[in-house]
Amino acid sequence: MAPYCPALPSPNFRHHVLSLYQKNKSDEIATTQSAFGPYARSTILAGPTDYDFEIHSLRLDHRFDFANLTVLASTNTKDHVLDSDVTRSSALRTFAPKGVLSQEIMHTKMKTIEARLASDGDGPFKWLIGGMYSETNTDVATLSSLPTGAAVLASRYNAAQLQGELFNRTYSHRE
């Protein structure tokens, strides 16, 4: 165990805290070393990305005379907005000279807690008892559009299906 800190309730108690925040933003994720040149884009539309990731965790350890107790708890969230040029794989590509865009907006939140009590000592019988709970919620929206293509869409789709340049919207929630 780590050296005893006088601010802790006992020399048998330890805690560890971790917090991390990461933001990753890119103007273009679909660049590659290709026939178009080093790190060139081979798509009509740009594919910017925006990711935010956050994690917080706490670990508590307590050594008793007969066993060691460990409690772990954490939360993490991830948000991202990912634009993808899907022109080449879309059935709309024949009348979408400005491209077909798919945008995914996702939010995930996860919580976990685990507790375990493990025997301590050199005897022939060892034991471990514990439990864990985890909960994850994810919301995803996928929006498909024809940038500057509202007029083209209006000529091919029912007006009730459209929302400007948007022609397809899907939403999901998972627990």
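From Gln22, atom CD reaches atom CG of Asn24 across 6.0 Å, with rounding to the nearest 0.5 Å. Atom-to-atom distance recorded for Ser74:OG and Leu72:CG is 8.0 Å, nearest 0.5 angstrom. Between atom NE2 of residue His15 and atom CG of residue Asp61 there is a gap of 11.0 Å, rounded to the nearest 0.5 Å. The structure places OG1 of Thr70 at 5.0 Å from CZ of Arg59, a figure rounded to the nearest 0.5 Å. In this structure, Asp120 CG and Asn68 CG are separated by 4.5 Å, a value rounded to the nearest 0.5 Å. We find the OG-CD1 distance between Ser57 and Ile113 to be 12.0 Å, quoted to the nearest 0.5 Å.
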Verdict with reasoning, Thr138 to Thr108, per side-chain hydrogen bond (donor to acceptor under 3.5 Å, both in side chains): CA-CA 4 Å; Thr138 301; Thr108 300; 3.3 Å; yes

Run the side chain to side chain contact (heavy atoms under 4.5 Å, CB included) check on Phe13 and Leu60 step by step: do they pass? CA-CA 7 Å; Phe13 177 79; Leu60 304 173; 3.7 Å; yes

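In the displayed structure, Lys23 atom NZ is contacted under 6.0 Å by more than 12 heavy atoms of other residues, nucleotides or ligands.
Inter-residue side-chain proximity for Asp83 and Thr49 is flagged as unmet; no heavy-atom pair is nearer than 4.5 Å. Side-chain contact between Met110 and Ser134 is present, with at least one heavy-atom pair separated by less than 4.5 Å. Side-chain atoms of Gln103 and Ile105, non-hydrogen and from C-beta on, do get closer than 4.5 Å to each other.
Transitive grouping of hydrophobic side chains (ILVMFWY, heavy atoms separated by less than 4.5 Å) brings Ile129 and Val71 into a common cluster. Grouping the Ile, Leu, Val, Met, Phe, Trp and Tyr side chains by contacts below 4.5 angstrom, directly or via other members, places Leu128 apart from Phe125. Criterion: ILVMFWY side-chain heavy atoms under 4.5 Å apart, direct or through other members. Under it, Val86 and Leu146 are part of a common hydrophobic cluster.
Ile55 pairs in a side chain to side chain contact (heavy atoms under 4.5 Å, CB included) with only one of the listed residues (Thr77, Leu20, Thr75), which is Leu20.
The backbone N or O of Asn12 lies less than 3.5 Å from a partner atom in the side chain of Ser10, making a donor-acceptor pair. Here the side chain of Ser119 pairs a donor or acceptor atom with the backbone of Trp127 at under 3.5 angstrom.
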Donor-acceptor pairs under 3.5 angstrom involving side-chain atoms of residues 166-175: please list them, not counting sequence neighbours.
from, atom 1, to, atom 2, distance (Å)
His173, ND1, Asp139, OD1, 2.5
His173, NE2, Glu175, OE2, 3.0

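Listed by chain and residue number, Tyr51 satisfy the ring pair (Phe, Tyr, Trp, His ring centres under 6.0 Å) test with His80 (two or more places apart in sequence, or in another chain). Qualifying side chain to side chain donor-acceptor pair (under 3.5 Å) partners for His56, counting only residues two or more places apart in sequence or in other chains: Ser19, Glu54.
When every heavy atom of Glu135 is checked against every heavy atom of Asn137, the shortest pair comes out as OE2-ND2, 3.5 Å.
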